[in-house]
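Report on the structure given below.
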Amino acid sequence: TALPISDLLLKTQEEGRISVPSITKLVASMDRKSYEIAVRGHRAGTAYILFNSTEEDVRGIVSERKVEVVVSHYEELNVLSAVLGWIYFACWSISFYPQVILNFRRKSVIGLNFDFLAYNITGFLAYGLFNIGMYWIPLIKEKYKNRYPNGVNPVQLNDVIFTLHAIVIITFTIIQCLIFERGKQMVSWIAKVIVGLAILFSTVALIPAGVDKISWLDYLYYFSYIKLGSTLIKYIPQAYSNFERRSTAGWSIGNVLLDFSGGMFSIGQMFVIAYNHDDWKSIFGDLTKFGLGVFSVAFDCLFMVQHYCLYRHAGDEYKLVDEDEENPKKQRNAYKTFV
């Protein structure tokens, strides 16, 4: 819409972060669709320019408009943040493949704990819903901006791609468990209950969200908490299985090393973003992403100790050491390595 010549009044939503000229002469033109406004940044973060006018007909057009301005300390850190994001995306994405390759070479999944897979697929499905909502759904993005007006959306494109890729590869690994030698291994009843409760919770919580008793943003955060919870517990069955067998055979160390690297780069990216935009709430605004990095690194350190220190002499051949058909629990854990 072409606007008449008018004194356009500018002000910022948050004082002190940026400064703009108080009055700008707006020259109307039918073929002109953009106007340049000089903005000076003073503090890092996100700010908004609000508009008003001395003329009533113009005021009605511009009063509801605002322009978002992102101020950062250093442009180089924006580049570094993007690089770190794609590096951890690559590390975490590739980390799924060593286990798949190991299973294929051995034609066996003995040593890979099925509870770990159950928690992993549940967590990534929940995290996928969270990332898609935060990145692609306008309603969710608007609610996040309203809650954190000076914040930066912590979910990036590489987060979405990584999660969808992870779901595909984990599903393929589960298929391997169905066709390769697995002995008496199965998903424990504890894992079935926990996964069932997560599904039940997310389904029941949909009701208050649907009747506006809770925000859709809060509902989406529930999925991020499911992912965080799965990350907290998913490595425990595998670590205990390694301890019980006195071996890490069947559990790929390549997966661990790449996962460790991805976790470190992920944590690094979050701190770079928080510092460069003076937005430390972004870390806690996406507690799942931060928690993923911390807990992954912690358990990866444990797996490295098991593989390189405690059980480094264990081989990769298996024998059934317990033939007690009346005790299925023993059967599931009856595989040990030759030393």
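Just so it is clear, the model here is predicted, and its values are computed rather than measured.
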Evaluate side chain to side chain contact (heavy atoms under 4.5 Å, CB included) for Ile253 paired with Leu257, printing each intermediate quantity in order. CA-CA 6 Å; Ile253 192 60; Leu257 296 176; 4.3 Å; yes
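- Of all heavy-atom pairs between Ile140 and Gly133, the closest is CB-O, 3.4 Å.
- For the 3.5 Å distance criterion, the side chains of Asn242 and Thr248 fail to qualify, holding no donor opposite an acceptor.
- Grouping the Ile, Leu, Val, Met, Phe, Trp and Tyr side chains by contacts below 4.5 angstrom, directly or via other members, places Tyr225 with Trp216.
- Between Gln185 and Val109, the closest heavy-atom pair is NE2-O, 3.2 Å.
- Hydrophobic clustering keeps Phe89 apart from Leu258 (ILVMFWY residues linked when any side-chain heavy atoms are closer than 4.5 Å, directly or through intermediates).
- Linking ILVMFWY side-chain heavy atoms closer than 4.5 Å, directly or via other members, places Tyr144 and Ile214 in a single hydrophobic cluster.
- The structure places CG of Leu112 at 7.5 Å from OG1 of Thr173, a figure rounded to the nearest 0.5 Å.
- Atom CD1 of Ile175 sits about 12.5 Å away from atom CD1 of Ile170, to the nearest 0.5 Å.
- Between Phe223 and Tyr219, the ring-plane angle classifies as perpendicular under the 30° and 60° cut-offs.
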Take Tyr275 and Tyr74, measure what side chain to side chain contact (heavy atoms under 4.5 Å, CB included) needs, and give me the verdict at the end. CA-CA 10 Å; Tyr275 167 75; Tyr74 304 101; 3.9 Å; yes
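- Under the 30°/60° scheme for interplanar angles, the aromatic rings of Phe162 and Tyr88 are found to stand perpendicular.
- Scored by the ring pair (Phe, Tyr, Trp, His ring centres under 6.0 Å) test, Phe299 finds Tyr235 as partners (sequence neighbours excluded).
- Summarising the geometry of Ala191 relative to Tyr119, their closest heavy-atom pair is CA-OH, 3.3 Å, with the distance given to 0.1 Å.
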Going through the checks in order, is the side chain to side chain contact (heavy atoms under 4.5 Å, CB included) test met by Leu164 and Ile132? CA-CA 9 Å; Leu164 297 178; Ile132 290 173; 4.0 Å; yes
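- The nearest pair of heavy atoms linking Ser202 to Ile226 is CB-CD1, 4.2 Å.
- Atom-to-atom distance recorded for Leu228:CG and Tyr127:OH is 10.0 Å, nearest 0.5 angstrom.
- At least one side-chain heavy atom of Val193 sits less than 4.5 Å from a side-chain heavy atom of Trp189.
- Electrostatic pairing of Lys213 and Asp218 does not count as a salt bridge here, judged by no charged N lying under 4.0 Å from a carboxylate O.
- Remark: side-chain polar atoms of Gln238 are not paired, donor with acceptor, to backbone N or O of Phe116 under 3.5 angstrom.
- The six-membered or imidazole ring of Trp92 lies away from that of Phe265, with a centre-to-centre distance of 6.0 Å or more.
- Using a 4.5 Å cut-off on side-chain heavy atoms (C-beta onward), Asn113 and Leu117 make no contact.
- Val211 is not connected to Leu139 by any chain of hydrophobic side-chain contacts under 4.5 Å among Ile, Leu, Val, Met, Phe, Trp and Tyr, and they are in different clusters.
- Listed here is the closest heavy atom pair of Val155 and Tyr135: O-CD1, 3.5 Å.
- Formation of a donor-acceptor pair under 3.5 Å by the Asn276 side chain with backbone atoms of His73 is found in this model.
- For Gly123 against Ser230, the heavy-atom pair with the smallest separation is CA-OG, 3.3 Å.
- Listed by chain and number, the residues in a ring pair (Phe, Tyr, Trp, His ring centres under 6.0 Å) with Tyr222 are Phe201 (sequence neighbours excluded).
- Note on Phe271 and Val79: same hydrophobic cluster, where clusters join Ile, Leu, Val, Met, Phe, Trp and Tyr whose side-chain heavy atoms are under 4.5 Å apart, directly or indirectly.
- Checked by atom type and distance alone, the side chain of Gln176 never pairs as donor or acceptor with a backbone atom of Lys107 at under 3.5 Å.
- Proximity of Phe260 to Ser296: side-chain heavy atoms (C-beta onward) are nowhere separated by under 4.5 Å.
- For the residue pair Ser95 and Asp259, no side-chain donor N or O sits within less than 3.5 Å of a side-chain acceptor on the partner.
- Contacts of His165 classified as ring pair (Phe, Tyr, Trp, His ring centres under 6.0 Å), with partners at least two apart in sequence or in another chain: Tyr97.
- Relative to the six-membered ring of Phe124, Lys227 meets both conditions, a distance below 6.0 Å and an angle of at most 45° to the axis.
- A donor-acceptor contact shorter than 3.5 Å links the side chain of Ser224 to the backbone of Tyr221.
- Considering NZ of Lys234 and CD1 of Ile194, their distance stands at 14.0 Å, rounded to 0.5 Å.
- Rounding to the nearest 0.5 Å places CE of Met264 at 11.0 Å from CG of Leu84.
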Under the side chain to side chain contact (heavy atoms under 4.5 Å, CB included) rule, what do His307 and Val256 come out as? Steps first, then yes or no, please. CA-CA 10 Å; His307 184 82; Val256 173; over 6 Å; no
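- Atom CG of Leu129 sits about 13.5 Å away from atom CE of Met134, to the nearest 0.5 Å.
- Judged by distance alone, the side chain of Arg106 and the main-chain N or O of Asn103 form no donor-acceptor pair under 3.5 Å.
- For the pair Arg246 and Phe243, the distance from NZ or CZ to the six-membered ring centre is under 6.0 Å and the angle to the ring normal is within 45 degrees.
- Side chain of Thr163 to backbone of Asp159: a donor-acceptor contact under 3.5 angstrom is found.
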